[in-house]
Structures are given as structure tokens and as C-alpha cells.
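Lettering follows sequence order; numbering is per chain, from 1.
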Number of protein chains: 2
Amino acid sequence: MQLDRIVNFHKTIGDKTRIQIIALLKDGALHGQAIAGKLGLTPPTISYHITKLREIDVIYQRRDKNTIYFHLNEKKLELLAQAIIKIGGEKELDSFKVDDEEKFKVIKNFLDANGNLKSIPAQRKKKLIILEHLVKGLEKGRTYSEKEINEHIKQFHDDYATIRREFIICQFMFRQNGEYELNPKEMWLI
Amino acid sequence: MQLDRIVNFHKTIGDKTRIQIIALLKDGALHGQAIAGKLGLTPPTISYHITKLREIDVIYQRRDKNTIYFHLNEKKLELLAQAIIKIGGEKELDSFKVDDEEKFKVIKNFLDANGNLKSIPAQRKKKLIILEHLVKGLEKGRTYSEKEINEHIKQFHDDYATIRREFIICQFMFRQNGEYELNPKEMWLI
DNA sequence: CATCTAATTAGATTATAATCTAATTAGATG
DNA sequence: CATCTAATTAGATTATAATCTAATTAGATG
């Protein structure tokens, strides 16, 4: 979905009167004067808001005699509401989605029998799998000193400086005033 | 969730710059000047928008030295985005959710051996089950003349006028310039 | 086709919001 | 503690939006 469509949806829906109209129409169609009455506004004001809601396609109408009934298009509403959740992100992530079997193979190849890291993978995908593995022993939500991180990494590899840096670059951890902490976003569900 | 919270969420998110910030932060945290650079705006403008986004709780921050990194709270974003879908409606609907066994019993009680309706249930819940049953033979999406509807109802009961009116009142059908049509919302999933 | 009903449009008013430049503040560091 | 960096706030400007009253339009009906 294109950006402007999403912006417009939220701009339109970001108004108390219009959300009230949506809530009213969830219980069934109503005509303009009924809405005006329930909300304590004049018919022209309702016309104005209905036009905006129709522009983003969440309202349609049926006429019966002189009265026009406005209906909510719940399907559309739902679709548009969820668009913001899906926007951006995913840039290249998909191509990095990886199943457990593949992870297992990479870990087996790069660790020796004692669990020591033989080398740091050059290929990004493999590197991420290894970093995820190395980070597993750390506790979520607590902060670590740089020294503690170094000690942790040394269990696997001597070059703790490089790996510590990779933790930050690849966003497995973040640093805050010299303290280290696991990224709580668990976004590396590669 | 209370109305104002939802209004405010959409009002805040209904701005091109702010949606762009959200999209940027999906790929990981950034600091203010980086965002300003990418969007071609000045740092004060970014501050202004970040404040708004923080107010609705979709952004949090971590400082490292002089630089403050802004992070997206995707969980919150998702939660808030979906609130509009759940607002209102459901008024009493839940209490009318009914399983097939119950439907079967009601239909058995109110129809005779030939499938004729013995009487129109007074209890709303039972009435809805019966109306749903009566409406089953009609085709979705096509329009019927009043006469056709009457004929259809007469298969079950003589008092077609009352039942036709109930179809409209209970929103199984709607009327448009004297034509009748099934409500496409299939909202009577009682 | 005159008249009624309900909706819409026009035009004005007032409130709200986005952006900038310039000034200030918060925190880190030699 | 002086200085640097990055963020924030103040104040002004300009654009946008919500609402009303009065006028107009669309469609139905005797």
C-alpha cells in the first residue's frame, strides 16, 4: 500500500467525531440526521465528516426514499488499520528467514567439539546465526558491564572485541552509557 | 480502550513525516540528526514529531554518549492500530452467540413437520434464529421485489408483512427504493 | 409540476498543527 | 569547569481543519 493512502486513512480517522460515527455504524446503518442527533451536531457537519470517511472508502450508502443510510465497510476499515503494522521493515529480512535445520548446520560447521567458535562467518546470513547462538546465554532485560560481555564471549572465542562490536552492529545488543543490554525486540527471529 | 486514546493515536499517526519516521525505525533505531538527514528536515522538526510519537508510546529512547537513539515499540503500535477494529459494536451481540445445536432446537420447536412456521418467537434470540432460517433460501447480492419477498415468506407463514418488516428491523435485509436485498455483512452470525 | 424531506455545498469563523530560525539545555569529556 | 555535541524549547509564520448558518440541490410524492 502506498504511503499517502495510509497517511490519509489515519488523518481521517484521527478525529473524535469521525471515530464516534464509526462506532455508531458498527451497530448498523444510520441516516444523517440520526447521526447528527446522537452526536449533538448539525447535519452539515455530519455531511462533512461522512464525505471524509467515504473518501477513504470505509463508508458506503443506500438510499431509501428521501433517506440515505450510511453503512460501515468493516472489511476495508480492518485492512487499512493494519497497513501501518506492515509498512517498511522487512527490507531484506525475508531472505534471511531461516529454519532450525539450517541453523543447526551452520552452528555445527563453525563450532568445534568443545563449542569453541572456529572463525567468524563472513557471510551475513551465517554470521547472524552464529551471533544469535553466542547471545543465547545472556539474560534478557538485565544490563552487563563491558567486562562481563567480554568474559561471556571468551567462552567461545578470543577476539571478544570484534564479536562485541558485531553484537551492536547487528543489533543483538545495544549499548547505553557503557552498559550493554540485550535488544528486547527479539527481532532477530531469523 | 478509551475513545480519546484511540483518537489521539490516529491523529498522531496521521502525518506523513511521522509515518516515515515509523517506517525508518522499523529497520532499527536511529538518532535525531540521522532521521532529519534522511527526511530532509531540521532537527527541531524531528524533535517535535518524536515528542508526539513518544506521547502515544510507540517510541522509546536510549542514550549513548551525546547521541540519543530512538526505537520503535512495534508491540504498542500494533495494539493501538487494532483498537479501532474492536471499538463499539458487540453491544449485546455476544450474549446472542449461539451454537448450532441450540439453533436446531429452536427451529424444531417453531416449525411444524411441513416446515411451516407455527408462530413468530417473541424472545429476541429465538426470533433471530428463526429469521436467519427463513432468509436462507434467498440469494446474496441480488435484489428482490416486494412481491418476490412476500412469495418467499408465504412458503413458511401467512403473515408475510410482519416477517418482511422484521427482516428489515433486524437487519437481515435492507430496502432500497422498494427493492429488497440481503445484508451482505453476514453479521447475523449469531 | 409544486411541495416536501433530507442531504449537500458555500462562505465565514475559529482552532489546531507543521515547520522554520534562534536561543537554550543536557550530558560527555579533556 | 570549559567546551563540544546533539537534542530541545521558544516564538513566529503559514497552512489546514472543524464547525456553524444560510442557501442550494436531489429525489419522492400527491
Walk along nucleotides 11-18 of chain C from 5' to 3' and tag each nucleotide B, S or - by protein heavy-atom contact under 4.0 Å, base first, then sugar-phosphate. ------SB
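As the counterpart of D/dT24, C/dA7 is assigned, both hydrogen-bonding distances of the Watson-Crick or G-U wobble pattern falling under 3.5 Å. Pairing for D/dT16 is with C/dA15, a Watson-Crick or G-U wobble pair whose two hydrogen-bonding atom distances lie under 3.5 Å. With a cut-off of 3.5 Å on both pairing distances, the Watson-Crick or G-U wobble partner of D/dT29 is C/dA2.
The distance from atom CG of B/N66 to atom P of D/dT5 is 9 Å, rounded to the nearest whole Å. Between the C1' atom of C/dT8 and the CD1 atom of A/I46 lies a distance of 13 Å, rounded to the nearest Å. Residue B/I35 contributes atom CD1, which lies 14 Å from atom C1' of D/dT8 at whole-angstrom precision. A straight line from NE2 of B/H31 to P of D/dT8 spans 12 Å, rounded to a whole angstrom. Taking atom OH of A/Y60 as the reference point, atom P of C/dA7 lies 17 Å away to the nearest angstrom. Summarising the geometry, the separation between OH on B/Y69 and P on D/dA6 is reported as 10 Å, rounded to the nearest angstrom. Rounded to whole Å, the distance from CD on A/Q61 to P on C/dA6 is 16 Å. In this structure, CD1 of B/I68 is placed 6 Å from C1' of D/dA7, rounded to the nearest angstrom.
At the heavy-atom level, B/T42 lies under 4.0 Å from base atoms of the strands shown.
Phosphate proximity of D/dA7 to B/Q33: present, with a side-chain N or O under 4.0 Å from OP1 or OP2. Phosphate contact (OP1/OP2 of C/dA7, side-chain N/O of A/S47, threshold under 4.0 Å): absent.
When the shell of 6.0 Å around NZ of B/K38 is examined, it contains 12 or fewer heavy atoms from other residues, nucleotides or ligands.
Note on B/D57 versus B/K76: salt bridge recorded, some NZ/NE/NH1/NH2 to OD/OE distance being below 4.0 Å. Between B/K154 and B/E151 a salt bridge is recorded (basic side-chain N to carboxylate O distance below 4.0 Å).
Note: A/Y60 and A/H71 have parallel aromatic rings, judged against thresholds of 30 and 60 degrees for the angle between ring planes. Between A/H10 and B/H10, the angle of the ring planes stays under 30°, which puts this pair in the parallel group of the 30/60° scheme.
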Verify side chain to side chain contact (heavy atoms under 4.5 Å, CB included) between A/I87 and A/L3, making sure each step is shown before the conclusion. CA-CA 8 Å; A/I87 207 175; A/L3 183 59; 4.0 Å; yes
Can A/D15 and B/K11 be said to form a salt bridge (charged side-chain N to carboxylate O under 4.0 Å, His left out), step by step? CA-CA 7 Å; A/D15 174 88; B/K11 204 188 287 277; 5.1 Å; no
